[in-house]
2 protein chains.
Amino acid sequence: MSIKIKSTNQKEMSFIEKARRSQIVECAIETIAEIGYAQASLGQIAKRAKISKGVISYHFANKEELLDQIAIEYYTAWQSYIAPLIEAQKSPKEMLRVYIESNLTFIEENRKHVIAVIEVVSNKRTADGKFGFASDHDETILLPIENILTLGMQDGIFREFTRSSLRVMALTIRNAIDGFTLELMKKSHLDVQEYTRELVTLFEKSATK
Amino acid sequence: MSIKIKSTNQKEMSFIEKARRSQIVECAIETIAEIGYAQASLGQIAKRAKISKGVISYHFANKEELLDQIAIEYYTAWQSYIAPLIEAQKSPKEMLRVYIESNLTFIEENRKHVIAVIEVVSNKRTADGKFGFASDHDETILLPIENILTLGMQDGIFREFTRSSLRVMALTIRNAIDGFTLELMKKSHLDVQEYTRELVTLFEKSATK
DNA sequence: TTTATTTTAGTACAATCGTGCAACTAATTC
DNA sequence: GAATTAGTTGCACGATTGTACTAAAATAAA
């Protein structure tokens, strides 16, 4: 196996390499979103990109690195999108509402990417069969909503949460958001505005006193 | 492709065939639950069953039939388990509580099976890339909880739901239950009782006036 | 312009995949 | 007991997979 360390230790990636990596990631996203993880071979991705398979192996150490990149890029973009919106809110109740709204908006605007991420994350396994994405990944995802719930509880607006009930609440919100993605995938003409409104109502009721 | 119709049109399955099919399905469940859908080849399943791959193809028309059987058996068992428990309740509020409790209990008692089902269902695709399990499958799953919510609304115990808000509520409950499965998969020592209690609280608050 | 480096196409390779089937063994039927 | 059916092993086959690599083309540097 050839170790490719140029992007983390050596000099900057060239303009060509950046463009090519980006194209390959984009084609991987589309391929996975359209035919599913199991069918999305490097051959299929290369075909979509109109390049040779060898180009993929030149730019990425292996398939795993390519697929991980899909997830990494998504979460980077997600965080950059969500964080400032939430920080701009004054009250935890507004933060909760904006958290849900912005998540669903982001998903709608990045449909394929989020679908590809869910496929990659749910199918990734370690050599011994465990989930490939570590639990610190989950913690990172859950942190913002857990902070919002904690803040709301401290402000006396939200109900009293124990450590575990706060975790279940946060997980349930995240599960609802991921579930929205699947629903959008099955029904491309879903009324997103209405879905969002209902989710906000639901979680406001369940979070407040 | 050889069409195997013996189990649906011809005479009864023999004792041997029933036992063998059951064993193969069981090994498929374990294989998928342990190493994931993508790695669960017929060879892996046959190895686990200590049989030749040809035995699988003798008893099942193709891999798809075998995997479908995993889901069919799960949902049959799930429905038999859930329905009487809910029917025994007098009020929609009790039904909602028992719905959540019995779902999580059933999942805990059938961990591998439900994990395998989630893997199969989420990865199944039609020839043109669409989700393989049709939307009538979703409707069947959602019907019980939708009925409970409708009943509660008619009794004046639950809040007023529009058609769409009822659907979002039902979906969110199902997403929470599926999310519990994933959590259980990642953390085998999860406190199920506590998780259940929190979920019941959460959805009671969100459903009532 | 020449040389050095990067990038690409094309393909070899071992391994694996699902499907299919011949040959064999075991059990049942006539 | 012979014929038929049920059940199994072992493996062929075409296709595909991810990894790896050579030679050629393209680009950058001297």
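Lettering of chains follows the sequences in order, A, B, ..., and the numbering in each one begins at 1.
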Base, sugar-phosphate, or nothing: which does A:V55 touch, judged by heavy atoms less than 4.0 Å apart? sugar-phosphate

Taking atom types as modelled and ignoring hydrogens, do the side chains of A:S164 and B:E194 form a donor-acceptor contact shorter than 3.5 angstrom? yes

From the options D:dG7, D:dG18, C:dG20, select the nucleotide whose nearest atom is closest to the side chain of B:E17. D:dG7

For A:L151, which residues count as a side chain to side chain contact (heavy atoms under 4.5 Å, CB included) partner, sequence neighbours excluded? A:P92, A:M95, A:Q154

Side chain to side chain contact (heavy atoms under 4.5 Å, CB included) with B:T126: which residues, sequence neighbours excluded? B:D128, B:K130

Across all chains, not counting sequence neighbours, the side chain to side chain donor-acceptor pair (under 3.5 Å) partners of A:D68 are A:K124

Closest of D:dT8, C:dT19, C:dT7 to the B:R20 side chain is D:dT8

Using whole Å, report how far CZ of A:F60 lies from P of C:dT8. 12 Å

Find the distance A:E64:CD to D:dT19:C1' and express it as a whole number of Å. 14 Å

I'd like to check the side chain to side chain donor-acceptor pair (under 3.5 Å) partners of B:Y37; sequence neighbours left out, ordered by chain and number. none

Side chain of A:Y58 only, please: which of C:dG18, C:dT7, D:dT9 is the nearest? C:dT7

Using whole Å, report how far CD1 of A:I56 lies from C1' of D:dA20. 14 Å

Between P on D:dT8 and CD1 on B:I16, what's the gap in Å once rounded to a whole number? 7 Å

Salt bridge (charged side-chain N to carboxylate O under 4.0 Å, His left out) involving B:E119 - partner list, sequence neighbours excluded: A:R125

Distance in angstrom units between A:R21 CZ and C:dT7 P, rounded: 11 Å

Under 4.0 Å between a side-chain N/O of B:H59 and OP1 or OP2 of D:dA6, yes or no? no

Out of the candidates A:R48, A:E26, A:K112, only one should pair with A:T31 under the side-chain hydrogen bond (donor to acceptor under 3.5 Å, both in side chains) rule; please name it. A:R48

Given D:dT27, is OP1 or OP2 found less than 4.0 Å from the side-chain N or O atoms of A:S14? no

Which side-chain N or O atoms in residues 179-187 of chain B pair as donor and acceptor under 3.5 Å with protein atoms at least two apart or in another chain?
{"unit_1": "B:T181", "atom_1": "OG1", "unit_2": "B:I177", "atom_2": "O", "d": "3.4"}
{"unit_1": "B:E183", "atom_1": "OE2", "unit_2": "B:K187", "atom_2": "NZ", "d": "2.9"}
{"unit_1": "B:K186", "atom_1": "NZ", "unit_2": "A:D138", "atom_2": "OD2", "d": "3.0"}

May I ask you to list the residues of residues 25-45 of chain B, by number, that have any heavy atom positioned under 4.0 Å from an atom of DNA chain D? none

To the nearest angstrom, how far is B:K18 atom NZ from D:dG7 atom P? 12 Å

Considering only residues two or more places apart or on different chains, which pairs with a residue in residues 76-85 of chain B satisfy side chain to side chain donor-acceptor pair (under 3.5 Å)? B:W78-B:N103

Specify the residues of residues 46-53 of chain A, ordered by number, for which at least one heavy atom lies under 4.0 angstrom from an atom of DNA chain C. A:I51, A:S52

